[in-house]
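Beneath this line is the structure, given in C-alpha coordinates, with notes to follow.
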Amino acid sequence: MDTTLRELADLALRWTHVVAAIMWIGNSLLFNWLDRNLRPSPTPAAGEQGEIWLLHSGGFYHAAKTQLLGSALPRPLHWFKWQAYTTWLSGACLLIVVYYLGGAALLLPPGSPLSPRAAVAVGAGAIVASLVVYNALCATPLLRSPATMAAIGLAWIAGLAYGLTQVFSARAAFLHIGATLGTIMAGNVFLTIIPSQRQLVAAVAAGRGADPRLAGQAKRRSIHNNYLTFPVIALMLSGHFPELYGAPWSWLVLLVIVLAGAGVRHWMNVRFTRPRWIPALAATAAAALGALYFVAARPLAPTPAAAATSAGPVTFAEAQAVVQKRCAVCHSATAADRTFGAAPAGVAFDRPEQIRALAPRIRVRAVVTRTMPPGNKTWITPEERAVLGRWVEEGARLR
(Lines give C-alpha, C1' and ligand atoms only; values in the text may rest on other atoms or scores of the structure.)
Protein backbone atom coordinates (compact mmCIF):
# COMPACT_ATOMS: atom_id res chain seq x y z
CA MET A 1 0.00 0.00 0.00
CA ASP A 2 1.21 3.52 -0.80
CA THR A 3 2.67 5.07 2.37
CA THR A 4 0.61 8.26 2.12
CA LEU A 5 -2.57 6.25 1.59
CA ARG A 6 -1.62 3.99 4.51
CA GLU A 7 -1.03 7.01 6.74
CA LEU A 8 -4.40 8.51 5.80
CA ALA A 9 -6.14 5.17 6.39
CA ASP A 10 -4.44 4.92 9.79
CA LEU A 11 -5.62 8.44 10.70
CA ALA A 12 -9.22 7.95 9.52
CA LEU A 13 -9.60 4.54 11.14
CA ARG A 14 -7.94 5.58 14.41
CA TRP A 15 -10.09 8.70 14.63
CA THR A 16 -13.26 6.71 13.95
CA HIS A 17 -12.21 4.00 16.39
CA VAL A 18 -11.56 6.42 19.24
CA VAL A 19 -14.74 8.46 18.73
CA ALA A 20 -16.93 5.35 18.43
CA ALA A 21 -15.27 3.79 21.50
CA ILE A 22 -15.91 6.94 23.54
CA MET A 23 -19.58 6.79 22.57
CA TRP A 24 -19.87 3.05 23.27
CA ILE A 25 -18.08 3.11 26.60
CA GLY A 26 -19.80 6.34 27.63
CA ASN A 27 -23.23 4.82 26.98
CA SER A 28 -22.27 1.64 28.81
CA LEU A 29 -20.99 3.47 31.88
CA LEU A 30 -24.00 5.78 31.93
CA PHE A 31 -26.53 2.93 31.86
CA ASN A 32 -24.53 1.04 34.49
CA TRP A 33 -24.65 4.15 36.68
CA LEU A 34 -28.38 4.53 36.08
CA ASP A 35 -29.07 0.92 37.09
CA ARG A 36 -27.22 1.39 40.36
CA ASN A 37 -28.91 4.69 41.20
CA LEU A 38 -32.55 4.00 40.41
CA ARG A 39 -34.97 4.82 43.22
CA PRO A 40 -38.52 3.53 43.78
CA SER A 41 -41.13 5.82 42.27
CA PRO A 42 -43.74 7.34 44.63
CA THR A 43 -46.43 6.27 42.14
CA PRO A 44 -44.94 3.35 40.18
CA ALA A 45 -46.62 2.16 37.01
CA ALA A 46 -47.11 -1.55 36.35
CA GLY A 47 -43.72 -3.19 35.78
CA GLU A 48 -41.73 -0.11 36.75
CA GLN A 49 -38.42 -0.99 38.42
CA GLY A 50 -37.25 2.47 39.45
CA GLU A 51 -36.76 6.04 38.35
CA ILE A 52 -34.16 8.76 38.51
CA TRP A 53 -34.00 12.52 38.06
CA LEU A 54 -30.99 14.08 36.34
CA LEU A 55 -29.73 17.61 35.86
CA HIS A 56 -27.63 18.38 32.79
CA SER A 57 -27.02 21.23 30.35
CA GLY A 58 -29.51 23.55 32.00
CA GLY A 59 -32.43 21.13 32.10
CA PHE A 60 -34.06 18.38 34.19
CA TYR A 61 -34.35 14.83 32.83
CA HIS A 62 -36.61 12.09 34.20
CA ALA A 63 -35.83 8.45 33.37
CA ALA A 64 -37.63 5.29 34.48
CA LYS A 65 -36.81 1.60 33.99
CA THR A 66 -39.80 -0.62 33.23
CA GLN A 67 -40.79 -4.04 31.89
CA LEU A 68 -43.70 -2.55 29.88
CA LEU A 69 -46.18 -5.04 31.35
CA GLY A 70 -49.40 -4.77 29.39
CA SER A 71 -48.25 -1.59 27.64
CA ALA A 72 -47.91 -0.74 24.00
CA LEU A 73 -44.45 -0.58 22.52
CA PRO A 74 -43.27 3.05 22.61
CA ARG A 75 -42.13 4.78 19.43
CA PRO A 76 -39.49 5.78 18.61
CA LEU A 77 -37.42 3.27 20.58
CA HIS A 78 -33.72 4.11 20.66
CA TRP A 79 -31.20 1.27 20.36
CA PHE A 80 -27.56 1.36 21.40
CA LYS A 81 -25.60 -0.91 19.08
CA TRP A 82 -23.95 0.99 16.24
CA GLN A 83 -21.34 2.51 18.56
CA ALA A 84 -20.19 -1.01 19.45
CA TYR A 85 -20.25 -2.23 15.86
CA THR A 86 -18.37 0.83 14.58
CA THR A 87 -15.76 0.50 17.31
CA TRP A 88 -15.10 -3.14 16.43
CA LEU A 89 -15.14 -2.72 12.66
CA SER A 90 -12.80 0.29 12.72
CA GLY A 91 -10.53 -1.52 15.21
CA ALA A 92 -10.37 -4.62 13.02
CA CYS A 93 -9.47 -2.50 9.98
CA LEU A 94 -6.87 -0.64 12.05
CA LEU A 95 -5.33 -3.95 13.13
CA ILE A 96 -5.01 -4.93 9.49
CA VAL A 97 -3.52 -1.60 8.37
CA VAL A 98 -1.02 -1.24 11.23
CA TYR A 99 0.01 -4.84 11.92
CA TYR A 100 -1.02 -7.12 9.07
CA LEU A 101 0.01 -5.04 6.06
CA GLY A 102 3.54 -3.96 5.24
CA GLY A 103 4.95 -7.44 5.61
CA ALA A 104 3.91 -7.63 9.28
CA ALA A 105 6.93 -5.49 10.20
CA LEU A 106 5.46 -4.57 13.61
CA LEU A 107 4.04 -8.03 14.24
CA LEU A 108 7.01 -10.38 14.43
CA PRO A 109 10.14 -10.25 16.60
CA PRO A 110 13.64 -10.52 15.12
CA GLY A 111 14.50 -13.93 13.74
CA SER A 112 10.94 -15.26 13.86
CA PRO A 113 10.49 -18.45 11.81
CA LEU A 114 6.91 -17.44 10.97
CA SER A 115 6.03 -15.93 7.63
CA PRO A 116 3.87 -12.77 7.68
CA ARG A 117 0.92 -14.80 6.41
CA ALA A 118 1.31 -17.39 9.16
CA ALA A 119 1.63 -14.65 11.79
CA VAL A 120 -1.60 -13.04 10.61
CA ALA A 121 -3.31 -16.44 10.82
CA VAL A 122 -2.07 -16.89 14.40
CA GLY A 123 -3.25 -13.43 15.45
CA ALA A 124 -6.68 -13.67 13.87
CA GLY A 125 -7.05 -17.28 15.00
CA ALA A 126 -6.32 -16.37 18.62
CA ILE A 127 -9.04 -13.70 18.54
CA VAL A 128 -11.65 -15.99 16.97
CA ALA A 129 -10.77 -18.95 19.20
CA SER A 130 -11.10 -16.80 22.32
CA LEU A 131 -14.57 -15.65 21.28
CA VAL A 132 -15.64 -19.27 20.64
CA VAL A 133 -14.27 -20.49 23.99
CA TYR A 134 -15.88 -17.59 25.87
CA ASN A 135 -19.31 -18.24 24.36
CA ALA A 136 -18.98 -21.95 25.05
CA LEU A 137 -18.24 -21.21 28.72
CA CYS A 138 -21.20 -18.85 28.92
CA ALA A 139 -23.46 -21.69 27.74
CA THR A 140 -22.48 -23.82 30.76
CA PRO A 141 -23.59 -23.58 34.42
CA LEU A 142 -20.29 -21.78 35.11
CA LEU A 143 -22.02 -18.56 34.10
CA ARG A 144 -24.00 -18.69 37.36
CA SER A 145 -20.79 -18.20 39.34
CA PRO A 146 -19.12 -14.86 38.52
CA ALA A 147 -16.04 -15.82 40.55
CA THR A 148 -15.56 -19.06 38.60
CA MET A 149 -16.03 -17.29 35.27
CA ALA A 150 -13.55 -14.60 36.29
CA ALA A 151 -10.94 -17.19 37.37
CA ILE A 152 -11.26 -19.16 34.13
CA GLY A 153 -11.18 -15.96 32.10
CA LEU A 154 -8.00 -14.75 33.79
CA ALA A 155 -6.35 -18.15 33.30
CA TRP A 156 -7.23 -18.01 29.59
CA ILE A 157 -5.89 -14.46 29.25
CA ALA A 158 -2.68 -15.42 31.08
CA GLY A 159 -2.10 -18.40 28.80
CA LEU A 160 -2.92 -16.42 25.68
CA ALA A 161 -0.68 -13.54 26.78
CA TYR A 162 2.23 -15.88 27.44
CA GLY A 163 1.77 -17.65 24.12
CA LEU A 164 1.43 -14.51 22.02
CA THR A 165 4.46 -12.83 23.62
CA GLN A 166 6.50 -15.87 22.57
CA VAL A 167 5.31 -15.58 18.97
CA PHE A 168 4.77 -11.85 18.35
CA SER A 169 6.61 -8.70 19.28
CA ALA A 170 5.48 -7.69 22.77
CA ARG A 171 3.73 -4.59 21.44
CA ALA A 172 1.74 -6.67 18.96
CA ALA A 173 0.91 -9.24 21.64
CA PHE A 174 -0.52 -6.55 23.93
CA LEU A 175 -2.60 -5.14 21.10
CA HIS A 176 -3.93 -8.59 20.17
CA ILE A 177 -5.06 -9.28 23.74
CA GLY A 178 -6.84 -5.92 23.70
CA ALA A 179 -8.40 -6.81 20.35
CA THR A 180 -9.44 -10.20 21.74
CA LEU A 181 -11.23 -8.63 24.72
CA GLY A 182 -12.77 -5.99 22.47
CA THR A 183 -14.03 -8.72 20.14
CA ILE A 184 -15.63 -10.53 23.06
CA MET A 185 -17.32 -7.28 24.09
CA ALA A 186 -18.62 -6.59 20.59
CA GLY A 187 -19.62 -10.25 20.29
CA ASN A 188 -21.67 -9.91 23.46
CA VAL A 189 -23.54 -7.02 21.89
CA PHE A 190 -24.04 -8.66 18.48
CA LEU A 191 -24.63 -12.28 19.53
CA THR A 192 -26.48 -11.94 22.84
CA ILE A 193 -27.52 -8.47 23.96
CA ILE A 194 -29.16 -7.23 20.75
CA PRO A 195 -30.86 -10.59 19.94
CA SER A 196 -32.23 -10.68 23.50
CA GLN A 197 -33.49 -7.16 23.12
CA ARG A 198 -35.12 -8.01 19.81
CA GLN A 199 -36.99 -10.84 21.52
CA LEU A 200 -38.02 -8.48 24.32
CA VAL A 201 -39.36 -5.98 21.79
CA ALA A 202 -41.22 -8.74 19.90
CA ALA A 203 -42.78 -10.00 23.14
CA VAL A 204 -43.97 -6.55 24.15
CA ALA A 205 -45.27 -5.83 20.65
CA ALA A 206 -47.28 -9.08 20.84
CA GLY A 207 -48.74 -8.02 24.18
CA ARG A 208 -46.98 -10.74 26.19
CA GLY A 209 -44.76 -8.42 28.25
CA ALA A 210 -41.01 -8.64 28.65
CA ASP A 211 -39.44 -11.96 29.61
CA PRO A 212 -37.22 -11.46 32.71
CA ARG A 213 -35.02 -14.36 31.59
CA LEU A 214 -34.07 -12.56 28.40
CA ALA A 215 -33.44 -9.36 30.30
CA GLY A 216 -31.18 -11.21 32.74
CA GLN A 217 -29.26 -12.87 29.90
CA ALA A 218 -28.52 -9.55 28.24
CA LYS A 219 -27.64 -7.93 31.57
CA ARG A 220 -25.07 -10.61 32.45
CA ARG A 221 -23.21 -10.07 29.19
CA SER A 222 -23.43 -6.32 29.69
CA ILE A 223 -21.81 -6.72 33.12
CA HIS A 224 -19.01 -8.78 31.54
CA ASN A 225 -18.45 -5.93 29.09
CA ASN A 226 -18.45 -3.48 31.97
CA TYR A 227 -15.56 -5.27 33.68
CA LEU A 228 -13.59 -5.62 30.44
CA THR A 229 -13.85 -1.93 29.55
CA PHE A 230 -10.92 -0.59 31.58
CA PRO A 231 -8.47 -3.41 30.66
CA VAL A 232 -9.27 -2.95 26.95
CA ILE A 233 -8.65 0.81 27.13
CA ALA A 234 -5.30 0.25 28.85
CA LEU A 235 -4.19 -2.37 26.33
CA MET A 236 -5.20 -0.21 23.38
CA LEU A 237 -2.97 2.55 24.77
CA SER A 238 -0.12 0.21 25.70
CA GLY A 239 1.76 0.83 22.45
CA HIS A 240 2.82 4.20 23.87
CA PHE A 241 4.63 2.60 26.82
CA PRO A 242 7.64 0.54 25.69
CA GLU A 243 8.92 0.20 29.27
CA LEU A 244 5.87 -1.96 29.94
CA TYR A 245 5.42 -4.05 26.80
CA GLY A 246 9.21 -4.29 26.44
CA ALA A 247 9.70 -5.77 29.92
CA PRO A 248 11.30 -9.22 30.14
CA TRP A 249 8.10 -10.64 31.65
CA SER A 250 5.78 -8.70 29.37
CA TRP A 251 3.02 -11.31 29.60
CA LEU A 252 2.92 -10.83 33.37
CA VAL A 253 2.80 -7.05 32.92
CA LEU A 254 -0.19 -7.58 30.64
CA LEU A 255 -1.93 -9.75 33.23
CA VAL A 256 -1.39 -7.12 35.95
CA ILE A 257 -2.92 -4.48 33.67
CA VAL A 258 -6.00 -6.64 33.08
CA LEU A 259 -6.40 -7.40 36.80
CA ALA A 260 -5.89 -3.76 37.76
CA GLY A 261 -8.45 -2.53 35.23
CA ALA A 262 -11.07 -5.05 36.33
CA GLY A 263 -10.32 -4.37 40.00
CA VAL A 264 -10.69 -0.61 39.64
CA ARG A 265 -13.92 -1.11 37.69
CA HIS A 266 -15.24 -3.39 40.47
CA TRP A 267 -14.75 -0.84 43.23
CA MET A 268 -16.37 1.82 41.09
CA ASN A 269 -19.32 -0.50 40.51
CA VAL A 270 -19.91 -1.22 44.20
CA ARG A 271 -19.27 2.29 45.44
CA PHE A 272 -23.01 2.84 45.98
CA THR A 273 -23.23 -0.02 48.49
CA ARG A 274 -19.70 -0.03 50.00
CA PRO A 275 -19.10 3.02 52.21
CA ARG A 276 -15.32 2.47 52.27
CA TRP A 277 -14.86 1.94 48.55
CA ILE A 278 -12.37 4.80 48.14
CA PRO A 279 -9.65 3.19 50.35
CA ALA A 280 -10.21 -0.11 48.54
CA LEU A 281 -9.91 1.60 45.16
CA ALA A 282 -6.76 3.44 46.23
CA ALA A 283 -5.23 0.23 47.58
CA THR A 284 -6.00 -1.62 44.34
CA ALA A 285 -4.45 1.13 42.22
CA ALA A 286 -1.37 1.35 44.47
CA ALA A 287 -0.90 -2.43 44.46
CA ALA A 288 -1.22 -2.50 40.67
CA LEU A 289 1.34 0.27 40.18
CA GLY A 290 3.70 -1.43 42.62
CA ALA A 291 3.33 -4.76 40.84
CA LEU A 292 3.90 -3.14 37.46
CA TYR A 293 7.07 -1.45 38.70
CA PHE A 294 8.34 -4.67 40.27
CA VAL A 295 7.74 -6.67 37.10
CA ALA A 296 8.70 -4.06 34.49
CA ALA A 297 11.62 -2.23 36.12
CA ARG A 298 14.11 -5.02 35.45
CA PRO A 299 16.61 -4.09 32.73
CA LEU A 300 17.57 -6.81 30.33
CA ALA A 301 20.90 -8.41 31.09
CA PRO A 302 23.58 -7.37 28.61
CA THR A 303 24.57 -9.98 26.10
CA PRO A 304 28.17 -11.27 26.11
CA ALA A 305 28.75 -9.52 22.79
CA ALA A 306 27.59 -6.20 24.20
CA ALA A 307 29.74 -6.58 27.28
CA ALA A 308 32.80 -7.18 25.13
CA THR A 309 32.87 -3.68 23.64
CA SER A 310 35.83 -1.42 24.39
CA ALA A 311 35.92 0.48 27.65
CA GLY A 312 36.88 3.86 26.15
CA PRO A 313 34.47 6.81 25.94
CA VAL A 314 32.00 6.67 23.07
CA THR A 315 32.22 9.65 20.74
CA PHE A 316 29.21 11.28 19.12
CA ALA A 317 30.54 10.22 15.73
CA GLU A 318 30.35 6.55 16.80
CA ALA A 319 26.82 6.93 18.18
CA GLN A 320 25.69 8.93 15.15
CA ALA A 321 27.01 6.26 12.80
CA VAL A 322 24.80 3.65 14.52
CA VAL A 323 21.77 5.95 14.49
CA GLN A 324 22.19 6.80 10.82
CA LYS A 325 22.67 3.18 9.83
CA ARG A 326 19.99 1.55 11.99
CA CYS A 327 17.48 4.26 12.97
CA ALA A 328 17.44 7.08 10.42
CA VAL A 329 16.48 4.59 7.72
CA CYS A 330 12.92 5.29 8.92
CA HIS A 331 13.30 8.20 11.35
CA SER A 332 14.20 10.92 8.90
CA ALA A 333 12.43 13.56 6.86
CA THR A 334 13.98 11.83 3.83
CA ALA A 335 13.53 8.25 5.04
CA ALA A 336 14.83 5.49 2.81
CA ASP A 337 12.30 3.03 4.26
CA ARG A 338 8.82 4.59 4.12
CA THR A 339 6.88 1.57 5.39
CA PHE A 340 5.66 3.66 8.32
CA GLY A 341 5.85 7.01 6.54
CA ALA A 342 8.54 9.64 7.02
CA ALA A 343 9.76 10.18 10.59
CA PRO A 344 7.26 7.89 12.39
CA ALA A 345 5.77 9.42 15.56
CA GLY A 346 7.46 12.69 14.61
CA VAL A 347 10.90 11.31 15.52
CA ALA A 348 13.71 12.33 13.15
CA PHE A 349 17.48 11.95 13.49
CA ASP A 350 18.59 14.25 10.69
CA ARG A 351 20.60 16.68 12.86
CA PRO A 352 22.96 16.14 15.79
CA GLU A 353 20.72 18.27 18.02
CA GLN A 354 17.77 15.98 17.28
CA ILE A 355 19.77 12.90 18.20
CA ARG A 356 20.96 14.42 21.46
CA ALA A 357 17.48 15.68 22.41
CA LEU A 358 16.10 12.18 21.99
CA ALA A 359 18.97 10.41 23.76
CA PRO A 360 16.82 9.19 26.71
CA ARG A 361 14.27 7.77 24.28
CA ILE A 362 17.01 6.11 22.24
CA ARG A 363 18.29 4.43 25.40
CA VAL A 364 14.83 3.14 26.40
CA ARG A 365 13.77 1.89 22.97
CA ALA A 366 17.05 0.64 21.51
CA VAL A 367 19.03 -0.41 24.58
CA VAL A 368 16.81 -1.24 27.55
CA THR A 369 13.61 -2.62 26.04
CA ARG A 370 15.06 -3.31 22.57
CA THR A 371 11.70 -2.57 20.99
CA MET A 372 13.36 -0.52 18.26
CA PRO A 373 13.95 -1.03 15.41
CA PRO A 374 10.60 -2.87 15.08
CA GLY A 375 11.29 -6.51 14.50
CA ASN A 376 14.95 -5.46 14.29
CA LYS A 377 14.29 -4.86 10.62
CA THR A 378 17.57 -2.91 10.22
CA TRP A 379 19.61 -5.65 11.88
CA ILE A 380 21.10 -3.60 14.70
CA THR A 381 23.68 -5.66 16.59
CA PRO A 382 24.16 -6.08 20.37
CA GLU A 383 27.46 -4.20 20.04
CA GLU A 384 25.74 -1.26 18.38
CA ARG A 385 23.07 -1.18 21.10
CA ALA A 386 25.87 -1.12 23.66
CA VAL A 387 27.52 1.82 21.87
CA LEU A 388 24.28 3.80 22.04
CA GLY A 389 23.73 2.89 25.69
CA ARG A 390 27.22 3.94 26.74
CA TRP A 391 26.99 7.20 24.76
CA VAL A 392 23.80 8.15 26.63
CA GLU A 393 25.18 7.08 30.01
CA GLU A 394 28.34 9.13 29.42
CA GLY A 395 26.29 12.30 28.95
CA ALA A 396 25.25 12.14 25.29
CA ARG A 397 27.95 14.61 24.31
CA LEU A 398 28.10 16.09 20.79
CA ARG A 399 31.85 15.51 20.42
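- No side-chain donor-acceptor contact under 3.5 Å links Ser222 to the backbone of Ala218.
- Under the 4.5 Å side-chain heavy-atom criterion for grouping Ile, Leu, Val, Met, Phe, Trp and Tyr, Val253 is connected to Ile157 within one hydrophobic cluster.
- Counting only distance, with no hydrogens or angles, the side chain of Arg36 and the backbone of Asn269 share a donor-acceptor pair below 3.5 Å.
- A 4.5 Å side-chain heavy-atom check between Trp156 and Leu137 finds every atom pair outside the cut-off.
- Between Val98 and Arg14 the shortest side-chain heavy-atom distance falls below 4.5 Å.
- Contact record, Leu154 with Leu255: O-CD1, 4.0 Å, taken as the closest heavy-atom pair.
- In this structure, the side chains of Val258 and Leu235 come closer than 4.5 Å at one or more pairs of heavy atoms.
- Taking a 6.0 Å sphere around CZ of Arg265, one finds it holds more than 12 heavy atoms contributed by other residues, nucleotides or ligands.
- Between the side chain of Arg385 and the backbone N or O of Ala366 there is at least one donor-acceptor pair closer than 3.5 Å.
- Under a hydrophobic clustering in which Ile, Leu, Val, Met, Phe, Trp and Tyr are joined whenever their side-chain heavy atoms come within less than 4.5 Å, directly or via other members, Val132 and Ile152 fall into different clusters.
- Other residues, nucleotides and ligands contribute at most 12 non-hydrogen atoms within 6.0 Å of the CH2 atom of Trp379.
- Between the side chain of Gln324 and the backbone N or O of Phe349 there is at least one donor-acceptor pair closer than 3.5 Å.
- Taking each heavy atom of Val314 and Ala319 in turn, the nearest pair found is CG1-N, 4.4 Å.
- Considering CH2 of Trp33 and CG of Leu29, their distance stands at 12.5 Å, rounded to 0.5 Å.
- When all heavy atoms of Asn32 and Asn226 are compared, the pair lying nearest together is CG-ND2, 3.5 Å.
- No continuous path of ILVMFWY side-chain contacts below 4.5 Å connects Val364 to Ile355, so the two sit in separate hydrophobic clusters.
- A distance of 7.0 Å separates CG of Leu358 from CZ of Arg361, quoted to the nearest 0.5 Å.
- For the pair Cys327/Met372, no side-chain contact is recorded, criterion being any heavy-atom separation below 4.5 Å from C-beta on.
- Ser332 places no side-chain N or O within donor-acceptor distance of the main-chain N or O of Val329, the cut-off being under 3.5 Å.
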Item checked: CA sep, side-chain torsions, deciding dist, call: Trp79, Ile194, side chain to side chain contact (heavy atoms under 4.5 Å, CB included) -> CA-CA 9 Å; Trp79 295 68; Ile194 294 301; 4.1 Å; yes
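- Dense packing is recorded around NZ of Lys219, with more than 12 heavy atoms of other residues, nucleotides or ligands lying under 6.0 Å away.
- At least one donor-acceptor pair closer than 3.5 Å links the side chain of Trp391 to the backbone N or O of Arg397.
- Shown here for Thr165 and Ala173, the closest heavy-atom pair between the two residues is CG2-CB, 3.7 Å.
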Next item on the list: Dump the intermediate steps for side chain to side chain contact (heavy atoms under 4.5 Å, CB included) on Leu34 and Lys65, then the final yes or no.
Entry: CA-CA 9 Å; Leu34 286 173; Lys65 183 176 181 178; over 6 Å; no
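- Listed by chain and residue number, nothing satisfies the salt bridge (Lys or Arg N to Asp or Glu O under 4.0 Å) test with Arg274 (two or more places apart in sequence, or in another chain).
- No chain of hydrophobic side-chain contacts below 4.5 Å, direct or via other Ile, Leu, Val, Met, Phe, Trp or Tyr residues, connects Val19 to Ile233.
- Residues His224 and Cys138 meet the side-chain proximity criterion, which asks for heavy atoms closer than 4.5 Å.
- Contact record, Pro279 with Arg276: CD-O, 3.2 Å, taken as the closest heavy-atom pair.
- Judged by distance alone, with hydrogens and angles left aside, the side-chain atoms of Arg271 form a donor-acceptor pair with the main-chain N or O of Met268 at under 3.5 Å.
- Side chain of Thr284 to main chain of Ala280: a donor-acceptor pair is present (N/O by atom type, distance under 3.5 Å, no hydrogens or angles).
- Cluster annotation: Leu160 is connected to Met149 through the hydrophobic network of ILVMFWY side chains, with a link wherever side-chain heavy atoms come within less than 4.5 Å.
- Remark: His56 NE2 is loosely packed, at most 12 non-hydrogen atoms of other residues, nucleotides or ligands lying under 6.0 Å away.
- Tyr162 pairs by the ring-ring contact (aromatic ring centres under 6.0 Å, His included) definition with Trp251, not counting sequence neighbours.
- If you look at Phe168 and Tyr99, their ring centroids are not closer than 6.0 Å.
- Rounding to the nearest 0.5 Å places CG of Leu89 at 12.5 Å from CG of Leu94.
- You'll find the ring centres of Tyr100 and His176 inside the 6.0 Å limit.
- Two residues are said to be in side-chain contact when any heavy atoms from C-beta on lie closer than 4.5 Å; Trp267 and Val264 fail this criterion.
- Listed here is the closest heavy atom pair of Ala333 and Asp350: N-OD2, 3.0 Å.
- When side chains are defined from C-beta on, Ile380 does not count as touching Lys325, because their heavy atoms never get closer than 4.5 Å.
- In this structure, Tyr61 places its OH atom where more than 12 heavy-atom neighbours from other residues, nucleotides or ligands lie under 6.0 Å away.
- Note that OG1 of Thr180 and CD1 of Ile127 are 4.5 Å apart. Values are rounded to the nearest 0.5 Å.
- Between the side chain of Thr87 and the main chain of Ala20, a donor-acceptor pair closer than 3.5 Å is present.
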Margin query: Quick one, Val323 with His331, criterion side chain to side chain contact (heavy atoms under 4.5 Å, CB included). Give me CA distance, side-chain angles, the key distance, then yes/no.
Written below: CA-CA 9 Å; Val323 170; His331 289 285; over 6 Å; no
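- A heavy-atom distance below 4.5 Å is found between the side chains of Met236 and Leu175.
- Applying the under-4.5 Å side-chain rule to Ile, Leu, Val, Met, Phe, Trp and Tyr, the cluster around Val18 extends to Ile22.
- A distance of 8.0 Å separates CZ in Phe272 from CH2 in Trp277, rounded to the nearest 0.5 Å.
- A donor-acceptor pair under 3.5 Å is absent between the side-chain atoms of Ser28 and the main chain of Ile25, judged by distance alone.
- For the residue pair Asn225/Arg221, the side-chain donor-acceptor check at 3.5 Å is not satisfied.
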Notebook entry, point to check: Passes side chain to side chain contact (heavy atoms under 4.5 Å, CB included), Trp53 versus Glu51? Steps please.
Noted result: CA-CA 7 Å; Trp53 284 89; Glu51 67 170 3; 4.2 Å; yes
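- Note that CD1 of Ile96 and CG of Leu13 are 9.5 Å apart. Values are rounded to the nearest 0.5 Å.
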